[in-house]
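Beneath this line is the structure, given in structure tokens, with notes to follow.
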Amino acid sequence: MSENVVHLHKPTDPPTPDTAPTVLTVVPDAPPARPVPLWVRSGRAIKTGVTHEKTRATVRAAARHSLYTFNGGRIVARRAWDGRTGSRYERMIRAAEAAGNLEAAEEWEERLQRFRAARHHRRMDLLHSPVEAAKGVAVGAGMSVGVLVALGVVMAINTGKVGDVITPLSATIDFIALLIRIVQVVWGPALTIGPFLALLALWSVGRKQHAAPAWALPANVRSGEGEPITPSIVVKALRDLGIAPLRTAIKEMGDAGASMLGPIRIAGCGVEVDVTLPSGVATNEVQKRRRKLAENLTRHEHEVFIVIPQAARTVRLWIADSGALDEPIGPSPLVTDETMTADYKKGKAPWGQDLRGDAAAISLYQRHLLVTGLSNQGKTAALRALALWLALDRSVQFWIADLKGIGDWAMFEGIAQVLIEGPSDDHVIQATEMVENAVEEMNRRIEARRNDATAVFPPLIVLVDEAQLAFMCPVVGEDRRPYGGSKATSRYFMAVRKIHNQGRAVDVLMWQGTQDPTDQNLPKLVREGAHTRASLVLGTESQARMALGDKAVDGGAAPHLLRQGLDKGTLVVASDGITIPAGQASITVRTHFIDEEPAAEVADRAKALRDGIATLRVVDQDEERDALADVATVIGDAPRLRTNEILKRLHALAPKVYGDQWTNDRLKSLLEEHGEEPKKSHGVMVVHRDHVLRALANRDENGSASAAE
């Protein structure tokens with residue numbers, strides 16, 4: 001018999017793997033989730049039900065129709081009170097006095113006196129009317145009985161029966177009894193239905209007037225889409241601007257607040273109305289609340305324009321139809337009319353449309369021009385459209401410096417006598433020298449005019465696009481004079497100033513396009529030297545004042561309130577060369593956009609009018625290359641390459657020569673000179689290697705033949 005030994009002490013050594021006991025881990029089940037209390041579930045259900053869109057719609061509908069009835073009653077009561085009393089005339093008098101129109105106040109006071117006299121006469125007549133009415137009833141009843149008895153006598157003579165004498169009289173009495181019975185039958189239901197019919201009538205009046213808060217109105221009414229601008233809407237929008245004196249004056253006027261308004265006239269894709277403000281309200285107070293006014297009129301801010309005409313205490317509102325300003329205005333007449341010509345002295349360039357939808361044309365005769373705005377908003381396109389029109393006058397000369405250098409002005413090769421394209425400091429230096437040469441030409445013309453007062457010179461347009469690069473150029477010349485800057489030592493600044501001062505007299509004109517104006521990249525003396533100043537969208541009011549001047553901005557010009565990216569090509573123009581409505585200092589123009597291909601077609605028409613101008617392209621002359629041979633080199637062994645790819649490879653081969661001034665048009669011209677041209681393959685313009693080699697061969701043969709001769 002074996003004995004089991006029980007050890008009373010705990011072993012300290014851990015068991016070996018072979019002798020280690022198997023440990024079974026028991027994972028208890030997760031405790032059941034606590035039930036959500038009933039009051040929490042009830043609250044969630046109530047919140048869901050209350051905030052559901054159907055519930056909101058139901059509450060809005062109930063509130064809307066209830067208020068239609070209540071406010072409809074108020075409107076009917078107000079109309080009845082106005083019809084029975086002189087309150088309407090008194091409101092008109094207060095409105096005229098608040099507007100300062102004493103003549104209208106006297107006229108309404110005279111009408112009130114006539115109304116009171118007529119009402120007194122009617123009341124005096126009521127004192128005698130009961131007696132007169134009783135006499136009239138007695139006489140009428142007697143005559144009626146007499147007529148009926150006479151009719152009965154005639155019937156009795158005809159029938160020979162004496163009883164027929166009272167037949168008409170008894171028939172009339174029976175008819176009256178029938179009417180009484182009908183009234184007795186109908187009276188009870190009428191008393192029951194009548195109040196409901198009256199409430200329905202009041203509801204109809206309130207519904208037609210939208211007599212309910214905005215939150216309770218239907219969505220289409222709240223949005224205001226398609227809602228016409230009426231005097232009551234304009235007055236209400238002005239009342240809710242938050243200008244205390246204006247609100248008080250309108251309340252005193254009552255419904256007659258519309259007396260502040262002139263006629264609401266259709267103006268293009270919107271309406272226009274003049275508002276004479278009451279005493280104590282300044283025009284700039286309304287101007288500063290343009291967004292609030294627009295929203296009160298159920299319009300976006302960009303759909304309401306406020307200008308200050310010459311009349312005192314008057315603002316002119318132009319209110320666009322909803323969404324109308326987002327629609328395109330159509331192509332330029334330069335594109336659609338191939339017979340169009342230009343006249344520098346007497347003609348006007350078709351630039352676009354004003355807000356009324358009328359054609360906006362501008363005279364360029366002896367006017368320096370400045371177009372500014374933020375980047376990529378259509379500045380170059382607006383400036384180029386004017387130059388393209390003027391190019392159709394063969395007498396006009398162009399010197400152009402495109403300091404962006406991406407081919408926006410490439411179509412002027414063959415039109416411009418000088419064409420600089422590129423953004424580098426070297427290109428800025430060349431542009432500065434071009435403007436200085438224009439100063440020398442101006443001085444030559446002035447000297448010739450001194451010797452011969454009848455001397456006439458061809459117009460010379462000196463155009464610098466992206467002129468801010470010239471003002472900001474840090475390069476200093478060998479004479480230690482900086483090319484950029486705004487000091488008297490700045491070469492570009494002083495050259496522009498000299499042309500501004502004297503160039504107009506001899507038709508040497510300075511056109512500049514610049515972006516994001518500041519005092520550094522657009523000095524004050526330069527911007528104020530332009531006769532025509534136009535601005536696209538800008539970031540701040542201070543920039544708007546730089547671009548257009550204080551007078552235009554104080555008069556309502558607001559390029560800083562245009563929408564960046566959405567109002568591309570929309571310009572605010574201050575110039576005596578464009579028709580501006582009387583009393584305004586500026587006009588808003590939506591310019592026609594002429595894309596590169598249509599612009600090239602217009603330029604071709606301009607070239608056809610000229611006798612072949614050899615355009616001087618100012619490029620880096622340190623390196624001379626054979627462009628056609630370089631094209632063959634970059635193609636290599638490929639059978640064909642896209643033109644964009646060839647331009648990239650040329651730029652990589654010789655950046656200084658094949659810079660930004662090389663475009664598809666220039667590559668096409670190069671090949672056409674030698675009898676070849678790019679072709680389209682699957683909708684993409686390509687250049688074939690065989691064609692380039694053939695062009696090289698043709699050029700070599702022509703060169704050999706010329707040498708032999």
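Here the closest non-hydrogen pair linking A385 and L334 is O-CD1, 3.7 Å. Minimum heavy-atom separation, S486 to F493: O-CE2, 3.6 Å. The shortest non-hydrogen separation linking G577 to S575 is N-OG, 2.9 Å. Contact record, A544 with H560: CB-ND1, 3.5 Å, taken as the closest heavy-atom pair. The two residues A438 and V462 make their nearest non-hydrogen contact at CB-CG2, 3.6 Å. The shortest heavy-atom contact between N296 and A237 is ND2-O, 3.1 Å.
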When you look at D426 and S424, which way does the side-chain hydrogen bond (donor to acceptor under 3.5 Å, both in side chains) test go after all the steps? CA-CA 5 Å; D426 290 338; S424 67; 4.7 Å; no
Going through the distances and angles, do V475 and I429 end up as a side-chain contact (heavy atoms from CB on, under 4.5 Å)? CA-CA 8 Å; V475 178; I429 292 172; 4.0 Å; yes
Please lay out, stage by stage, how K379 and D465 fare under the test salt bridge (charged side-chain N to carboxylate O under 4.0 Å, His left out). CA-CA 9 Å; K379 168 181 54 62; D465 195 8; 3.2 Å; yes
Let me see the working for Q417 and W399 under side-chain hydrogen bond (donor to acceptor under 3.5 Å, both in side chains), right down to the final yes or no. CA-CA 6 Å; Q417 294 178 321; W399 293 4; 3.1 Å; yes
Just do the side-chain hydrogen bond (donor to acceptor under 3.5 Å, both in side chains) check on Q468 and E466 with the steps written out, would you? CA-CA 5 Å; Q468 75 278 358; E466 305 296 340; 2.7 Å; yes
Where do T314 and I308 land on the side-chain contact (heavy atoms from CB on, under 4.5 Å) test, with the steps shown first? CA-CA 7 Å; T314 301; I308 311 299; over 6 Å; no
Are R545 and D554 close enough, and set up right, to give a side-chain contact (heavy atoms from CB on, under 4.5 Å), and what steps lead you there? CA-CA 9 Å; R545 293 183 180 276; D554 291 338; 3.0 Å; yes
Go through the steps for K568 and T591 under the test side-chain contact (heavy atoms from CB on, under 4.5 Å), then give the verdict. CA-CA 9 Å; K568 282 188 176 183; T591 59; over 6 Å; no
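Evaluation of the side chain to side chain donor-acceptor pair (under 3.5 Å) rule for Q377 yields no partner, not counting sequence neighbours. Legend: residues meeting ring-ring contact (aromatic ring centres under 6.0 Å, His included) with H368, ordered by chain and number and at least two apart, are H500, H531.
Taking a 6.0 Å sphere around NZ of K348, one finds it holds more than 12 heavy atoms contributed by other residues, nucleotides or ligands. Under a cut-off of 6.0 angstrom, the local environment of CZ in R265 is crowded, with over 12 non-hydrogen atoms contributed by other residues, nucleotides or ligands. Counting non-hydrogen atoms of neighbouring residues, nucleotides and ligands closer than 6.0 angstrom, the CZ atom of R642 reaches no more than 12 such neighbours.
Between the side chain of R497 and the backbone N or O of L525, at least one donor-acceptor pair lies under 3.5 Å. A donor-acceptor pair is defined here as one N or O able to donate and one able to accept, closer than 3.5 Å; such a pair exists between the side chain of R299 and the backbone of A320. Side chain of H427 to main chain of L403: no donor-acceptor pair is present (N/O by atom type, distance under 3.5 Å, no hydrogens or angles). The backbone N or O of L522 sits less than 3.5 Å from a side-chain atom of R527, completing a donor-acceptor pair. A distance-only check finds a donor-acceptor pair linking the side chain of N521 to the backbone of D516 [under 3.5 Å]. Using modelled atom types, one side-chain atom of R384 and one backbone atom of I594 make a donor-acceptor pair closer than 3.5 Å. Formation of a donor-acceptor pair under 3.5 Å by the E303 side chain with backbone atoms of H300 is found in this model. At distances below 3.5 Å, at least one donor-acceptor pair connects side-chain atoms of K607 with backbone N or O atoms of E413. Side-chain atoms of H592 come within 3.5 Å of backbone N or O of G330 as a donor-acceptor pair. Panel note: side chain R649, backbone V634; a donor-acceptor pair is recorded below 3.5 Å.
By the 4.5 Å heavy-atom criterion applied to side chains, L241 and V286 are counted as neighbours. Here the side chains of I266 and E272 are not in contact, with every heavy-atom distance at 4.5 Å or above. Residues T570 and T588 meet the side-chain proximity criterion, which asks for heavy atoms closer than 4.5 Å. Between L509 and L364, every side-chain heavy-atom pair lies at or beyond the 4.5 Å cut-off. In this structure the side chain of W409 reaches within 4.5 angstrom of the side chain of L463, judged on heavy atoms. A 4.5 Å side-chain heavy-atom check between P523 and V496 finds every atom pair outside the cut-off. For the pair V476/Y483, no side-chain contact is recorded, criterion being any heavy-atom separation below 4.5 Å from C-beta on. Side-chain contact between W511 and L390 is present, with at least one heavy-atom pair separated by less than 4.5 Å.
Note that the CG atom of D595 and the CD atom of E601 stand 10.5 Å from one another [nearest 0.5 Å]. Separation of atoms OG (S363) and CG (D576) is listed at 8.0 Å; rounding is to 0.5 Å. Note that the OG1 atom of T518 and the CD atom of Q520 stand 4.5 Å from one another [nearest 0.5 Å]. We find the CD-CE distance between Q512 and M510 to be 4.5 Å, quoted to the nearest 0.5 Å. Atom CD1 of I461 is separated from atom CG of L369 by 9.0 Å, given to the nearest 0.5 angstrom. Once rounded to the nearest 0.5 Å, the distance linking OG1 of T579 with CG of D358 reads 10.0 Å.
D393 and R610 are not joined by a salt bridge, as no carboxylate oxygen comes within less than 4.0 angstrom of a charged side-chain nitrogen. Checked for salt-bridge contact, R605 and E338 miss the test: no charged N lies under 4.0 Å from a carboxylate O. A salt bridge between E440 and R444 is absent, with no side-chain N of the basic residue lying under 4.0 Å from a carboxylate O of the acidic one. Using a cutoff of 4.0 Å between basic side-chain nitrogens and carboxylate oxygens, E441 and R445 are scored as salt-bridged.
D507 and Y344 share a side-chain donor-acceptor pair at under 3.5 Å. Under 3.5 Å, the side chains of Q543 and E541 contain no donor-acceptor pair of N or O atoms.
Figure legend: cation-pi geometry between R449 and F457 absent, as NZ or CZ is not positioned both under 6.0 Å from the six-membered ring centre and within 45° of its axis.
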